[in-house]
Each structure stands twice: as C-alpha cells, then as structure tokens.
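Sequence lines set the chain letters: A, B, ... in the order given, protein chains first and strands last, and positions in each chain run from 1. The model shown is predicted, which means the values in this text are computed figures rather than measured ones. Quick note: numbers below take in every heavy atom, side chains included, and nothing from hydrogens, waters or symmetry partners.
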There are 2 protein chains.
Amino acid sequence: MSEDDTAQPASQTASTVERAADVLVLFAESARPTLGVTEIADKLSLSKAAVHRILASLRSRGLVELDEETRRYALGLMSMRLGLAYLDRIDLRGIAAPELAALSAETGETATLSVRSGDSRIYLEQVTPAREVRMSVTLGVPYPLHVGASSKAFLAFLPEAERDAYLTRHAPGERGTLNEQAEHVRQVGYAVSYGERQPGAGSVAAPVFDHTGRPAAAVSVCGPLERFRNEADSCAKALLQATTRISSRLGHTT
Amino acid sequence: MSEDDTAQPASQTASTVERAADVLVLFAESARPTLGVTEIADKLSLSKAAVHRILASLRSRGLVELDEETRRYALGLMSMRLGLAYLDRIDLRGIAAPELAALSAETGETATLSVRSGDSRIYLEQVTPAREVRMSVTLGVPYPLHVGASSKAFLAFLPEAERDAYLTRHAPGERGTLNEQAEHVRQVGYAVSYGERQPGAGSVAAPVFDHTGRPAAAVSVCGPLERFRNEADSCAKALLQATTRISSRLGHTT
DNA sequence: CCAGTTGTTCCTTTTTTCGGAATACTGTTC
DNA sequence: GAACAGTATTCCGAAAAAAGGAACAACTGG
C-alpha cells in the first residue's frame, strides 16, 4: 500500500524549497497574471506568513515582482530568463533521439529527424530497424524543401508568405499544385510520399513545432516502397504522437 | 519618502528559498547547459548536502531535471513554462508607459508607442509634455507601415522577405527607395521623419524587439517641426536607451 | 587496478521556519 | 468623513527543518 504515486519523491528534500516551487508553479499555471498573498495561501494551504516570506525571497532574486501599487505579485524577469535559458539550450537531437528509437521499434521502419537549413532540408539523425531490408538516409546532405514527405510536412506549416516566397524561387511552375498539397497536409497533420525524393522509398512525415508555433523540424518514418504502402496509415498515428511529445518539449502549446 | 527602488531584501525572507533561487539563477546565467552538485556548491559557497537537497526539491516540481546517466542537472520543463507564462502575460503598454513618461519629460516632446496591426500601424499610447505648443497623435487609427518614422523604424527591422512582400503590395513604386532607407535605419538604429506622415511634425522612432528578435512595437519622440529639427539628435539617444530597456523586458537579448 | 572525483546519505547540533494573532494599510460604503 | 471590510505585513515563542561534517558509494581516468 505504500506505493508512491508521485514522480520519484527523492529521499532527501527541502520542504521549504518545495513550497516555494509550488508558488512558482502556481504562477505558471494560474490563468491570471497576478496573484495576491491570501489567494496563494488559500490555494496551496499555507499560512499567509509563509507565503509572504517565500515571495519576499523570490522577489530578492527577481523571480517574482511586486506591484507596489496593487500589492500583487507577478512573475519576474528572472523567471523569463530561466525559460529563455531552457529554450536556448534545447538539444533537438537529444530530445528526439528516444522518440525516433521508439518510433522505429514500433513501426519496424526507419525513423528520421531533419531540419531546415536555408532553402534546404538536411537529415540530422536516424534510427534504423534491425531488419535485413531497411531504408537508410544520408545525414547532413541538403535536399530541396518541396520534395519528399519531410520537406512537404515542414513547408506546409510555414507562414504562407514564406512558403510562397520559397516556391516562387525554387518551383514556380508547381506553385499551385504544391500549395494545394500543403493545404491537405495541414488538414491531416502529416505528409505522405511514395518514391518522391528517393525512388523505391515511401515515407510519412510530420512537423515538430517550437514555442512560437513555427515548424522547427520534421520527423519521418520511411521504408522500402512495396511494404511501406500497407504501413503508412498506422505509422502516421504513431508519428503524430511522437511529434506532439517532441513539440511540447520545445515549448509548443496546442 | 523612503524611495528604495533597488532589489532591497525585505526584512522577512526565507534564506533556504533564497539559496534555492540562487541555484536557479545560476542555471540561467551559466554558459553551460548542465551543472553538477559540486560545481554548484563551489560557486555558491554551499555545502554539497545542501545543494543536493535543494536540487531534489526543485526536481520534484519539474524546475530542474536530472540526467540519470551523467548525474548532472539541467533546467526542467517547468522552468520553461515559467518563462513562457511571463511572456504570455507581457503587458506592452504597461511596460512602456513609464519609459514614455521619462522620454517625454527628458525631451520635452511627445512620446508614443505603436504596434503593427496587419499591414497597418496604430498608436497604442502617448505621453505629451506640459507645454503650450505640443504634438498629439490619435490612438487606435491605422496608418500605413511605410510612412512616418515609427512605421519606417518597424518596417526596417522586419525580415527581408516580409518587408518586400509588404512593399510589393502597398508601395511597389517606392520599393527601391524604401529598401535603401531601411538599410540606413538598420545601421543607425532609428528612423527620422520631417513632416512625412503629418505635415508640420517631426519625429524620431526606434523599434522594440521581442525575445525572438522580431520588432514588436515602435517608440517615437515627436514634436512641432520647427523646434524639432534641433532636437532630433539628442532625442534619438534617449530614445534608443528607452527602447533597449523595453526590449530587454520583452526578453530581447542583444 | 588504484587514486582522485563526484554524487549521495547519515546524524546531531543549531538555525530557521512556522503559524496564529496583532498591526498596518487601502479602498469602499454608508 | 468615519466605520468597515478586505488586504498585506510583522511579531513571537515553540517546534520543526536545514545545515554541515564526515562516511559511503559509484565512477573516471590514468
């Protein structure tokens, strides 16, 4: 019966620090931009005195700010710096790696991660399944941003002006067709390709979004064309779950 | 009469919370993405045991994460959420208001704040000086994004593709001239206008940037043309200091 | 394989926080 | 204009919590 359902309660903790952390979390989760001492004390079942002490300490480090007029507290500049520091240090490859591994294991196909580089796309990472016939991509080589599932998934979610500028530069003749395809990709959330970039290969791909809502990368599941035709649908489902998780670690909120 | 605007530690604080806050700040300010217990203890002159307890507590709330492999700590998802919560709640007008008041007082002219709205710009706020002859703008009315100092300051710092798309739509004939002017605005950091949007009025304006580096608003100092010609230079200096401060509150890092 | 780190735990002393109640403010209502 | 809710803030002794030195464990690299 003594199962701890929480996330790993470390044996040695400092309860005062946990209370202070709860206060910060409350600011992050509350709908309101400012909170009062009593309000916080009620919600966290702490005494007003304790909340006051905590706020005074957090304030001394800039994590929260006090509006002298209203006597209400809000998150401070240092809180913002914490968030930006996190975002600065995001290691996309590191975050995606376990998801790619899981995707590959689940689908039995190759999972890839690619990012935009100027007007091109390059593969950053891949995980291949342990099968005799499998697909493998070349990391670091630039491909066009409008050919193949990963490219189309990325392109579809770019702001319209940017997509159009790209298409005018690189594929003016196909602008109409590609814009229509992009519309479809946005509706279903992923792009499919059968032998488009690479003859004999099939692929489904979906974008990963950053905290500003822009596509930051694309993840694909790809394999030999013959057997991939049957798998595409089921792959897409797992793919979208993986990209959703990665996006949320980049700060994307639905 | 007791004006203590510094980060004065209030009489009643919780030292443990302050130590924990110091740990978080260290993560934000350190160049490295991960820190070890000993490293933190050394830098903050705390015992390893204390740091360990603090980290365990912060970890239980998701503010920091532990890489089980390397036994090193990094900022957690909750830290990111704090930052994003701060950014979500930014009250541009509230932040700018005191800066506008100071600008107006220092220059003796009108200070304004405007933001983009689609392909237009509207004044959000203004502070006028206590002089008989002064300038006043109309809040909330849309103006073109390429006429007047505030518009040009904003436009100049938009991504090239976006600026070009706008100019093609709204001022195709002046594209060359305006792009050249934009280049100059970027170099000096502000835009000047003599009677451009409003006959008889002069203005210097500079953009305010958000944490992604995009222009989020424009601040201007403006006044009656005759006397403003002599003031423009000195106004520009104060203007840039003000916009730099506002930008930093929006998370902009140089 | 061993020395030198680093992270973690233990345990007693000491320092700190806790929390209720008193106090000081602020803006509102009658 | 004065009493009044509703705040935030301070005070205090009691009591719980953190500190920190040192032992222990788990690695790393020579």
Can you tell me how far [atom2] of [N] sits from [atom1] of [X], to the nearest Å?
X	N	atom1	atom2	answer
A/R72	D/dG6	CZ	P	15 Å
B/L35	C/dT6	CG	C1'	14 Å
B/E69	D/dT28	CD	C1'	15 Å
B/L44	D/dA19	CG	P	12 Å
B/E68	C/dG7	CD	C1'	12 Å
A/D42	D/dA8	CG	C1'	13 Å
B/K48	C/dT5	NZ	P	11 Å
A/I40	D/dT7	CD1	C1'	13 Å

| note | Checking D/dT9, D/dA19, C/dG19 against the side chain of A/R53 (C-beta onward), the nearest is C/dG19
| request: Go through C/dT17, C/dT8, D/dA19 for me and flag the one nearest to the B/A14 side chain. | output: C/dT17
| Would you say the side-chain atoms of B/D210 pair up with the backbone N or O of B/G213, donor to acceptor, closer than 3.5 Å? | yes
| note | Comparing A/G36 with A/S15, nearest DNA chain D nucleotide closer to 5' gives the residue A/G36
| request: Assign each of A/V37 and B/T16 to its nearest nucleotide of DNA chain D by heavy atoms, then name whichever residue's nucleotide is nearer the 5' end. | output: A/V37
| query | Hey, is A/E109 close enough to A/R134 for a salt bridge, meaning N to O under 4.0 Å? | reply | no
| Ion pair A/R249/B/E65, N-O distance below 4.0 Å | yes
Does OP1 or OP2 of [N] have a side-chain N or O of [X] closer than 4.0 Å?
X	N	value
A/R71	D/dT9	yes
B/Y73	C/dT8	yes
A/H52	D/dT9	yes
B/S47	D/dG21	no

| task | Determine the sole option in A/L240, A/V219, A/T243 for which the side-chain contact (heavy atoms from CB on, under 4.5 Å) test with A/Y190 is passed. | result | A/L240
| query | A/A49 near the nucleic acid: base, sugar-phosphate alone, or nothing, with a heavy-atom cut-off under 4.0 Å? | reply | base
| message | By the 4.0 Å heavy-atom rule, please label A/R19 as base, sugar-phosphate, or nothing. | response | sugar-phosphate
| query | Can you tell which of B/R72, B/K48, B/R71 makes a salt bridge (Lys or Arg N to Asp or Glu O under 4.0 Å) with B/E39? | reply | B/R72
